[in-house]
Protein chains: 2
Amino acid sequence: MSRRRSSARGARGERHDPLRAGRRQAESLSHFVFAALGDPTRLAIVRRLCYEGPLSISRLAAGGSLTRQAITKHLGVMERARILRSERRGRERLWRIEQARLAEARHYLDVIAKQWDGALGRLKAMVEG
Amino acid sequence: MSRRRSSARGARGERHDPLRAGRRQAESLSHFVFAALGDPTRLAIVRRLCYEGPLSISRLAAGGSLTRQAITKHLGVMERARILRSERRGRERLWRIEQARLAEARHYLDVIAKQWDGALGRLKAMVEG
DNA sequence: GCCATACGCAACCTCCAGGTTGCACAATAT
DNA sequence: ATATTGTGCAACCTGGAGGTTGCGTATGGC
């Protein structure tokens with residue numbers, strides 16, 4: 001996730017707003033998703049869930065080189081980003097993918113790409129016109 | 001002298017491999033892209049480039065609360081992830097979006113989603129059959 | 001030539017994500 | 001009842017991401 005804004009005595013005076021943040025909506029929607037997917041371990045987990053279906057924590061941790069706790073933390077992050085969803089099943093907890101969420105992220109990339117095309121189009125028009 | 005020194009954690013022999021990494025391809029292709037997009041500042045930059053077209057470093061830094069250097073670093077990260085591409089233009093350097101790269105990431109999410117559906121399908125078949 | 005602009009490089013600082021360890025607790029198995 | 005398995009919780013530790021400052025170097029306009 002994001003780094004905290006540097007200390008309270010931010011040297012240059014102005015505070016907050018990374019590049020005039022804009023579109024909080026888009027941020028809250030996608031930035032967390034991408035951040036979550038940006039970690040190799042997390043991506044691996046997602047991939048495994050995709051191949052093997054819903055799995056429990058210890059199942060995910062078994063075999064790998066990481067502690068169960070480490071896995072648990074990653075699952076937590078992805079749950080908060082709503083990429084995954086958990087469901088208690090007896091004494092274990094099954095994790096599954098929130099597929100719709102991935103679709104959202106996908107769509108966001110679409111929008112970005114389209115806007116980029118638009119920007120280039122306007123630019124070209126200005127130069128030529 | 002960084003990793004574990006005595007606690008025989010990874011004494012198992014196999015070093016490395018987060019969740020048996022698998023599909024290095026997919027990782028190298030998308031993990032970096034997602035990581036890059038996961039930072040709010042970076043997402044903001046991408047968004048600006050999308051709206052305003054190609055921009056120079058100092059143009060991007062102007063107005064915002066971050067140093068030019070900070071922006072430069074972010075641009076570097078995204079260049080390495082091949083989300084952006086630069087082009088010298090006189091004494092300045094114009095940055096633009098590598099739109100195809102976003103499409104790749106998008107596609108990757110597609111694949112994941114499809115595989116998930118498949119996994120659920122197989123699971124259901126096993127339970128019912 | 002001279003000055004301002006647009007960068008690049010490198011050292012340095014801070015903080016938190018990613019990892020570990022240790023222990024307590026709930027749900028099964030036997 | 002007891003041992004075992006699957007988790008949850010909390011207190012650590014550490015490297016590197018994200019940021020800053022300072023200075024050196026092209027490039028363009030005058």
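The chains referred to below are lettered A, B, ... by the order of the sequence lines, with proteins before strands, and numbering in each begins at 1.
Per the geometry, NE2 belonging to His31(B) stands 10 Å off P belonging to dA17(D), to the nearest Å. The CG atom of Leu75(B) sits 12 Å away from the P atom of dG19(D) (whole-angstrom rounding). If you take CZ of Arg88(A) and C1' of dT7(D), they are 6 Å apart, rounded to a whole angstrom. In this structure, His74(B) atom NE2 and dC7(C) atom P are separated by 16 Å, rounded to whole Å. Taking atom CD1 on Ile71(A) and atom P on dC9(D), their separation rounds to 17 Å, with Å as the unit. One atom, CD of Glu87(A), and another, C1' of dT7(D), lie 16 Å apart when rounded to the nearest Å. Per the geometry, CZ belonging to Arg80(B) stands 14 Å off P belonging to dG16(D), to the nearest Å. The separation between Asp39(B) atom CG and dA17(C) atom P is 12 Å, rounded to whole Å.
Contacts of Glu92(A) with the nucleic acid, taken as non-hydrogen atoms under 4.0 Å apart, involve only primed sugar atoms and P, OP1 or OP2. Contacts of Arg59(A) with the nucleic acid, taken as non-hydrogen atoms under 4.0 Å apart, are absent. In this structure, Arg89(B) reaches neither bases nor backbone, as no heavy-atom distance under 4.0 Å exists between it and the strands shown.
Applying the 4.0 Å criterion to OP1 and OP2 of dC7(C), one finds that Ser58(B) has a side-chain N or O inside that range. The shortest distance between the side-chain N/O atoms of Thr67(A) and the OP1/OP2 oxygens of dT20(C) is below 4.0 Å. Taking 4.0 angstrom as the limit, Arg68(A) places none of its side-chain polar atoms (N or O) nearer than this to OP1 or OP2 of dG8(D). For the OP1/OP2 pair of dG18(D) and a distance below 4.0 Å, the side-chain nitrogens and oxygens of Arg42(B) include at least one atom meeting the criterion.
The backbone N or O of Ala70(B) sits nowhere less than 3.5 Å from a side-chain atom of Thr67(B) that would complete a donor-acceptor pair.
Nearer the 5' end of DNA chain C, as judged by each residue's closest nucleotide, is the contact made by Ala70(A), out of Arg91(A) and Ala70(A). Heavy-atom distances to DNA chain D give each of Gln69(B) and Val77(B) a nearest nucleotide, and the one nearer the 5′ end belongs to Val77(B). Mapping Gly90(A) and Lys73(A) onto DNA chain C by nearest heavy atom places Lys73(A) at the nucleotide closer to the 5' end.
Of the candidates dA10(D), dG19(D), dG19(C), the closest approach to any side-chain atom of Thr41(B) belongs to dG19(D). The side chain of Ile57(A) lies closest to dG8(D) when the candidates are dT20(D), dG18(C), dG8(D).
A salt bridge links Glu87(B) with Arg96(B): at least one charged nitrogen is closer than 4.0 Å to a carboxylate oxygen.
When each of Glu98(B), Glu104(B), Gln99(B) is paired with Arg101(B), the side chain to side chain donor-acceptor pair (under 3.5 Å) condition holds for Glu104(B) and for no other. Among the candidates Lys73(B), Arg85(B), Arg93(B), the single residue satisfying the salt bridge (charged side-chain N to carboxylate O under 4.0 Å, His left out) test with Glu79(B) is Arg93(B).
Contact of Arg93(B) with dG8(C) (side chain to base): no donor-acceptor pair of N or O atoms is detected under 3.5 Å.
Residues Tyr108(A) and Phe34(A) meet the side-chain proximity criterion, which asks for heavy atoms closer than 4.5 Å.
Under the 4.5 Å side-chain heavy-atom criterion for ILVMFWY residues, no single connected hydrophobic cluster contains both Leu55(B) and Val77(B).
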